[in-house]
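What follows is a single structure, written as structure tokens, with notes after it.
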Amino acid sequence: MRQKELRIALVCYGGVSLAVYMHGVTKELWKLARASRAFHGGAAVSGGTEAVYERLLDRIERHFKLRLRILPDIVAGASAGGINGVFLAQALHSGQSLEPLTKLWLERADVDVLLDPDARPGSRIAKFWAMPIVYWLLKRPGNLVSASVAPETRREVRAKLSRLIRSRWFEPPFGGLGFSKLLCEALDAMASGEADAPLLPPGHPIDLFVTATDFAGHAQTLHLHSPKTIEESEHRFSIGFRSNTPAEPGQGIAPSLELVFAARATASFPGAFPALQLREIDALAAEKGDPWHSRTAFIERIMPEHSHRGEAEQVALIDGSVLVNAPFAEAMGVLRDRPAQREVDRRFVYIDPHPDEVGGRRHADPRAPGFFHMIFGSLSSIPREQPVRDNLEAIQRASRQQAKLKAVVDSLRPEVEETVERLFGRTLFLDRPTVKRLTAWRAKAQQAAAEQAGFTFQAYGQVKLAGIVASLAETILAAAPELMQPNPDPVADRLTAWLATHGLDQIGGARGGASDAAINFFRDHDLGFRIRRLRLLARRLSEDWDDIDAAAPDARENARNAVYRALSLYFDRETSGALGTDFGAIARQVMEEPELVLTTIANRRQLAATDLVVDALLVEALETVPRELKRRILLSYLGFPFYDMVTLPLLRGEGSNEFEPAKVDRISPDDCTSIRTGGAGAMLRGTEFYNFGAFFSRAYRENDYIWGRLHGVERMIDLVTSALPAGMVLEGAELAWFKREAFLAVLDEEAELKRVDPFLLEGLRDEIGAVA
């Protein structure tokens, strides 16, 4: 049975009150992950859409012989989308329920709740002198509410907006500490409920990123020709969390106060909430009686420059969407070190609830923007447009590069395989491989590839060396943030200078190939070469070899499993955490004692010894495979140095452990047409009042939450079925049946919970029945 992981990196935009819609979408991703965990663990699902997803996975396994697992392991968000990201990551990591966040959005995301008690007008006639302003905004012909709010809710919106306008002026009307308390209450409710098993495999990393904006900024040094250095102010601020998934339920991805800090910072909409400063979370900790033991380490990690200068207490953070509304870059940055124990289909999934408007105006509107259009567009809409395009184009470039490299490898294959066969003769395929033989064959093939490369080996060797040094520098800096370097480059420069003093800047040897010193260095530190070699072999084992499968149905899958087990051994040695708890103290000496640091890394990684274990795994796998499959495996494995000589310079020394091109999927009302067409304007109510509409009406929040779940259902099923191998498709009628069953499951579940208007649910039920 072919095994595959559909890994999802989710990016949640800022969208003001449309975050309620995004919560509905993320809830379905959470339920899909729960269904996948139950399906693979043999547990029972709780019903609802989870049962539909489980039936879909079972259908795929029985009909297409594909065992598919869904792993949402990267979550990134900005503004209110960042709140959804924080709670989703917590649920994935801990196995806790996401239901408390639903309660937060439906019951508490209202201007009357968020309004600071000290800012509320004392009576109906408070600030009577502001009434002309209220009238101008709310009741004059063509006023703001009439232009952007549906008739049936204008009275409610006007009443709440009147209280908001007559609240305190020249200070944010919403309370910062009150907002932090709401977030903390929801996290506490998650923690107090019963937790199931985590939704990712034990040990699998999960990354969470939210963006904020450092209002004052912090100085960054830039190196120029003239003057040699300048200082620029950096305002982008990313708050990241990484944790390996625990085996036991209930363990949070981070301490709750740190998650509150991140959620509160990313959603501090300018003018509505005060900027977040540490004293607010300190006050919350004091009120809760939480000692927050991790405070110092947390501050040093997320704001090292401020911490070093003793300025962390003064940092003021505002909404993340001001500068980075769609944090793709953070999600892309962690792909390089993801483990891969089986075939991976990597997706970047982003939620764009209103892709057709800017500042409350459609893109095609020919009229000049008005006063409020410009203000709200600048604050909440325009910042998302160009950065998203830039990031999507970067993903597409990387994917195109992967496709081109695959084409290069395919074109080289006949010549490489002929060279390997000529190098070893027929004995390679007549003898039974042993660990000793395979180790000797590897060394012989590598030497032959280097000698045949001629003068081009020097360029290959320099790229290889630079890549190793860059990787070592990243590992060292990750273990020793006390070095206070803005990036790994200064550490890499120090390592390069030390290597040059030992002659390692000259790669080529007398007969072609590497010098003895370089060979020893590569043997100790070239982790990337080993991973690239096994990735090539895993890719070859995933190709269309029907002739092998017919003769030995399980042989290829068993060999592929062995390759991924071997890969996991190298992945385990990649991170600084694998080097021991005391490595940080050693890493801090890199500028004075680079040799000590390099020797420590080599001794603790033991790559040469690991190579023998990997050879043993492959030899064991080869014992039970047919001769033709054995031949193809060995040709790919031993031929890798020939491929690497060509492809590594094209990669510029970079690579990803997930070696297939990443795909990008969008979730928006424009993409979900099974029930109703017309985009956000035809379905969502939070789009009213410049995307603030749902904060003024519970009915609006219920509507957008339900549509978020329905659209989440539709796109989750699309995502799962799009992961089928080439040439395999689920027929349209059956696909539509699964979607309809899931739509109805959403309505049944919400009707039972009685938290959504039953008339809304019944209307949607009739609409679903009409299109079935």
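- Leu66 is not listed as a side-chain neighbour of Met728, based on a closest heavy-atom distance of 4.5 Å or more.
- At least one side-chain heavy atom of Arg676 sits under 4.5 Å from a side-chain heavy atom of Glu767.
- With respect to the salt-bridge test (charged N to carboxylate O, under 4.0 angstrom), the residues Asp58 and Arg55 do not qualify.
- No donor-acceptor contact under 3.5 angstrom links the side chains of Asn244 and His204, judged on distance only.
- Using a 30° and 60° split on the angle between ring planes, Phe328 and Tyr13 fall in the perpendicular class, above 60°.
- Side-chain N or O atoms of Thr245 include none that pairs as donor or acceptor with a backbone N or O of His93 at under 3.5 Å.
- No side-chain donor-acceptor contact under 3.5 Å links Tyr21 and Arg709.
- Atom CG of Leu68 is separated from atom NE2 of His40 by 6.5 Å, given to the nearest 0.5 angstrom.
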Cut-off 3.5 Å, no hydrogens considered: what does the side-chain donor-acceptor table look like for residues 76-91, sequence neighbours left out?
from, atom 1, to, atom 2, distance (Å)
Ser79, OG, Asp319, OD1, 3.2
Ser79, OG, Asp319, OD2, 2.8
Asn84, OD1, Trp105, NE1, 3.0
Asn84, ND2, Ala19, O, 3.1
Gln90, OE1, Ile253, N, 3.0

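- At a cut-off of 3.5 Å, with distance as the only test, a side-chain donor of Glu714 or Ser674 sits close to an acceptor on the other residue.
- A salt bridge links Glu749 with Lys31; the closest basic N to acidic carboxylate O contact falls under 4.0 Å.
- For Ser97, the side chain to side chain contact (heavy atoms under 4.5 Å, CB included) partners are Trp30, Glu99, Pro100, not counting sequence neighbours.
- Arg685 is not listed as a side-chain neighbour of Phe696, based on a closest heavy-atom distance of 4.5 Å or more.
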(request) Evaluate the side-chain hydrogen bond (donor to acceptor under 3.5 Å, both in side chains) criterion for residues Arg701 and Ser17: first the C-alpha distance (whole Å), next the side-chain angles of each, then the deciding distance (0.1 Å), finally the verdict. (result) CA-CA 8 Å; Arg701 295 194 292 278; Ser17 76; over 6 Å; no
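- Side-chain N/O atoms of Ser268 and Arg264 include a donor and acceptor closer than 3.5 Å.
- Contact annotation: the side chain of Arg69 never approaches that of Leu57 to less than 4.5 Å [non-hydrogen atoms, C-beta and beyond].
- Between Glu5 and Arg346, no side-chain nitrogen of the basic residue sits less than 4.0 Å from a carboxylate oxygen of the acidic one, so the salt-bridge criterion is not met.
- In this structure Phe241 satisfies the ring-ring contact (aromatic ring centres under 6.0 Å, His included) test with no other residue, sequence neighbours excluded.
- The existence of a salt bridge linking Asp345 and Arg7 is excluded, since no basic side-chain nitrogen approaches an acidic carboxylate oxygen closer than 4.0 Å.
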